[in-house]
There are 2 protein chains.
Amino acid sequence: MPRGNGRGPAWWHGRFRGCGYRVTVGREAILEVLTKADKHLSAEDIYMKVHAVYPAIGLTTIYRTLEILVNLGLVLKFDFGDGRARYELAEGSKRSTHHHHLICTNCKRVVDYTDFIDDEIELLHRTEKGLSEKYNFAITNHLIQFYGLCDRCKKKK
Amino acid sequence: MPRGNGRGPAWWHGRFRGCGYRVTVGREAILEVLTKADKHLSAEDIYMKVHAVYPAIGLTTIYRTLEILVNLGLVLKFDFGDGRARYELAEGSKRSTHHHHLICTNCKRVVDYTDFIDDEIELLHRTEKGLSEKYNFAITNHLIQFYGLCDRCKKKK
DNA sequence: ATTTAAATGGAAATGATTTTCATTAACAAA
DNA sequence: TTTGTTAATGAAAATCATTTCCATTTAAAT
Ligand SMILES: [Mn+2]
Ligand SMILES: [Mn+2]
Ligand SMILES: [Zn+2]
Ligand SMILES: [Zn+2]
């Protein structure tokens, strides 16, 4: 088992320092919050949780750190259509598996799903290969979201 | 062939009036611009094109009209990651076929593609059906985007 | 032509995110 | 451990796409 990839607070330190970034209290706190999160958090959600423990850390730092994490591929940034970005740990990070999203266009609720992913993944790879060749793109990732009305919102209408 | 669904400037009038909306010069102009567009336009792109012909029409009207068109399903709204929404006619409208997008994360170029769509569509339907049942969502549409480096940007790196 | 509510434009407001800049802190080197 | 270099930071201000307000105009039913 690769060192630093399992338990312990520092699984991402190496990746971070390797890119010339410093490990700071704020960054530790942000990763901690993301690791514990069970929902899709906005920058402000993260700010509030971090602020509860480290009141000195500002919202600006949250944004700056998230940008780095997204660029490193440790965190994924999503737009679920409510005007604020949402963040979650990427696959390969601890608490995370590759999944897609189901979004209620009415109440903005988001469901993670991994069902049917086998077929999807397979087709995705085929599609990516085909597209790469035809359009000369080096494809690195994809976004798949389904929209509709959730259980509750369906009833209300 | 259903009347008003082919040529002519008014193919959407019925749909529009049917929902209690009035047909105005501004709205005609906006639809006209979208129909002629060969790229993905931002609200301001549309504003400038409309403004060239009808200087009296304001940006606010562009936004308001686009919102209606999106709600009616006549226009699709996309986020390609550059901070401004992009719009294009939806499938079922004149110049438009269902397609997905390939986005360069470096220069933000966007490629429409319809290749491999047959397989995708088939899997999509199966996935939608499965998800609908399992999560009790009434799925209405989906978003599929691939990200990577385009031809040019690949070389530069 | 008259009537009435919907549509409009321009200015102001909003609000998420980014930028600026003076200060602090990480950490490599001594 | 102390020091020096430079990245990181927070607070406030700026940005900028989109929304809201409200007085005026206009589509279209009568
Ligand atoms: Mn998720
Ligand atoms: Mn397109
Ligand atoms: Zn809902
Ligand atoms: Zn490019």
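Order of the sequence lines fixes the chain letters, A, B, ..., with proteins taken first and strands second; residue numbering starts at 1 for each chain.
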Do any side-chain nitrogens or oxygens of Arg27(B) fall under 4.0 Å of OP1 or OP2 in dA27(D)?
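Looking at the OP1 and OP2 atoms of dA27(D), neither is under 4.0 Å from any side-chain N or O of Arg27(B).
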
Between Tyr63(A) and dT17(C), is there a side-chain N or O to OP1/OP2 distance below 4.0 Å?
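Yes, such a contact exists.
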
Provide, to the nearest angstrom, the distance between the [atom1] atom belonging to [X] and the [atom2] atom belonging to [N].
X        : N       : atom1 : atom2 : answer
Glu44(B) : dT18(D) : CD    : P     : 9 Å
Glu28(B) : dT26(D) : CD    : P     : 16 Å
Ile57(B) : dA27(D) : CD1   : P     : 11 Å
Leu59(A) : dT19(C) : CG    : C1'   : 14 Å
Asp45(B) : dA17(D) : CG    : P     : 11 Å
His51(A) : dT9(D)  : NE2   : P     : 15 Å
Leu41(B) : dA17(D) : CG    : C1'   : 16 Å

Below 3.5 Å, can you tabulate the donor-acceptor pairs from side chains in residues 139-146 of chain B to any protein atom, sequence neighbours excluded?
{"unit_1": "Thr140(B)", "atom_1": "OG1", "unit_2": "Tyr147(A)", "atom_2": "O", "d": "3.2"}
{"unit_1": "His142(B)", "atom_1": "ND1", "unit_2": "Glu128(B)", "atom_2": "OE2", "d": "3.3"}
{"unit_1": "His142(B)", "atom_1": "NE2", "unit_2": "His98(B)", "atom_2": "NE2", "d": "3.1"}
{"unit_1": "His142(B)", "atom_1": "NE2", "unit_2": "His100(B)", "atom_2": "NE2", "d": "3.2"}
{"unit_1": "Gln145(B)", "atom_1": "NE2", "unit_2": "Tyr147(B)", "atom_2": "OH", "d": "2.6"}

List, one per line, each side-chain donor-acceptor pair under 3.5 Å for residues 17-26 of chain B, sequence neighbours excluded.
{"unit_1": "Thr24(B)", "atom_1": "OG1", "unit_2": "Arg27(B)", "atom_2": "N", "d": "3.2"}

Quick one: are Val33(B) and Val53(B) in side-chain contact, heavy atoms under 4.5 Å?
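Counting from C-beta outward, Val33(B) and Val53(B) never come under 4.5 Å.
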
Taking the side chain as every heavy atom from C-beta outward, state whether Leu31(A) and Leu89(A) have any atom pair closer than 4.5 Å.
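Yes, side chains in contact.
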
Just to be sure I understand the geometry, which residues of residues 16-25 of chain A put a non-hydrogen atom under 4.0 Å away from DNA chain D?
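Close to the strand are Tyr21(A), Arg22(A), Thr24(A).
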
May I ask you to list the residues of residues 66-90 of chain B, by number, that have any heavy atom positioned under 4.0 Å from an atom of DNA chain D?
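The stretch gives Gly83(B), Arg84(B), Ala85(B) as the residues lying under 4.0 Å from the strand, ordered by number.
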
Output a table of nitrogen or oxygen pairs between the protein and nucleotides 20-24 of chain C separated by less than 3.5 Å.
none

Taking the hydrophobic residues Ile, Leu, Val, Met, Phe, Trp and Tyr, and joining any pair whose side-chain heavy atoms are under 4.5 Å apart, which ones share a cluster with Leu123(B)?
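Reading the cluster by chain and number, Leu123(B) sits alongside Leu123(A).
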
Minimum heavy-atom separation for Cys153(A) to Cys104(A), with atom names?
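What the structure gives for the nearest pair is SG-SG, 3.7 Å.
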
Arg86(B) and its side-chain contact (heavy atoms from CB on, under 4.5 Å) partner, picked from Asp45(B), Leu41(B), Leu76(B)
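Exactly one pass, corresponding to Asp45(B).
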
Determine the interplanar angle of the [X] and [Y] rings, folded into 0 to 90°, and report it as parallel if under 30°, tilted if 30 to 60°, perpendicular if over 60°.
X         : Y         : result
His51(A)  : Tyr47(A)  : tilted
His101(A) : His99(A)  : perpendicular
Tyr135(A) : Tyr113(B) : tilted

NZ (Lys108(B)) with more than 12 external heavy atoms under 6.0 Å:
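Above 12, so yes.
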
